[in-house]
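The block underneath contains the structure these notes are about, expressed in structure tokens.
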Amino acid sequence: MTLPPTLVDIGLNLAHDSFDHDREQVVAHAVAAGVRHMVITGSTLESTRAAIDLVRSAPGTYRCTAGVHPHHASELQEEHRAQLRELLAAPEVGAAGECGLDYFRNFSPHADQERAFRWQLELAVDAGKPVFLHQRDAHDAFVGILRDYLPRLAGGVAHCFTGDARELRDYLELGLAIGVTGWICDERRGQHLRELVREIPLDRLMVETDAPYLLPRDLSPKPSHRRNEPKYLPHIVKVIAACRDEPFAAVAAASTRNALQFFGFPATA
Ligand SMILES: [Zn+2]
């Protein structure tokens, strides 16, 4: 019998209400598929608290992030800063974020997004924790802000990378790790990523589902509903390995090693 691979899903919105009715089953299916560790994304103060509670329920399986997504930047007021600092200091939290800039949807004005991003980078520096980064249609502003903090930051990962060659090269030059999702499984909009993914050094690569979002488009048979789940991570890794002309086991082992270290999973995990 061959054991399933050990993988780490570094971006999973497990506190999302679409998982409320069957969360334990979703996790059991993922673990059976070899996804032994998961990093639960915090995207608001409330979802960060929920994520920390989930980590406490199974500390060997989970870590989480603590942060405010750029969509919610306008909700982050001065009085929340101390709360965020406290959440970030929790031992369950492996990174600050999800934070960054999103000029694609612009749910919060740019000035609010930039202020919230700087606050969180500053808090990450103080906490000595790396950052889980989101960027869409805001590359130059994003890199401009990030550069001010990078020398003092304990690292960063560009989560759900979908950008172009210039963005990838900038991130690699800045020393960031790159998170790849099932976006790469989309034959149309993921085509450029299938080529670019070869340029990511193995020691900078991490993998994620971003569930319940971004269901891989090429699953067969097609699931009956649109909800993405962490159990599909091995499929994403298979596609990444094929694009890179590397064995699945090599991509699995490297991305797992990178993720366990980056998010500070206990050595025995
Ligand atoms: Zn994101």
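The basis for the numbers below is simple: all heavy atoms, side chains too, and nothing from hydrogens, waters or symmetry mates.
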- To the nearest 0.5 Å, atom CG of L7 lies from atom CZ of R36 at 8.5 Å

- Would you please classify the geometry between the Y171 ring and the H139 ring as parallel, tilted or perpendicular, with 30° and 60° separating the classes? tilted

- Task: Please name the pair of heavy atoms, one in G163 and one in L196, separated by the smallest distance, quoted to 0.1 Å.
- Result: O-CD1, 3.5 Å

- Check whether any side-chain heavy atom of L205 sits under 4.5 Å from a side-chain heavy atom of I240, and report yes or no. yes

- Message: Any side-chain to backbone donor/acceptor pair from H37 onto T256? Under 3.5 Å, distance only.
- Response: no

- Item | Side-chain donor or acceptor of Q113 paired with backbone N/O of D102 under 3.5 Å | yes

- Task: Keeping to residues at least two apart or across chains, list the ring-ring contact (aromatic ring centres under 6.0 Å, His included) pairs with something in residues 41-74.
- Result: H69-H71, H69-H134, H71-F107

- Item | Reported OG1-to-CG distance for the pair T61 and L14, which is rounded to 0.5 angstrom | 10.5 Å

- Main-chain N/O of G67 paired to T48 side chain as donor or acceptor, under 3.5 Å: yes

- Message: Donor-acceptor check, side chain of R244 to backbone of I200, threshold 3.5 angstrom: yes or no?
- Response: yes

- Message: Do S74 and D112 pair up side chain to side chain, a donor and an acceptor below 3.5 Å, judged on atom types alone?
- Response: yes

- Ring center gap for F117 and F142 short of 6.0 angstrom: yes

- Query: Counting N and O atoms only, with roles assigned by atom type, does the side chain of E246 sit under 3.5 Å from a partner on the main chain of C243, one being a donor and the other an acceptor?
  - Reply: no

- Query: Is it true that a side-chain atom of T181 and a backbone atom of D210 form a donor plus acceptor pair closer than 3.5 Å?
  - Reply: no

- Message: What I want to check is whether the side chains of H235 and D218 have a donor and an acceptor closer together than 3.5 Å.
- Response: yes

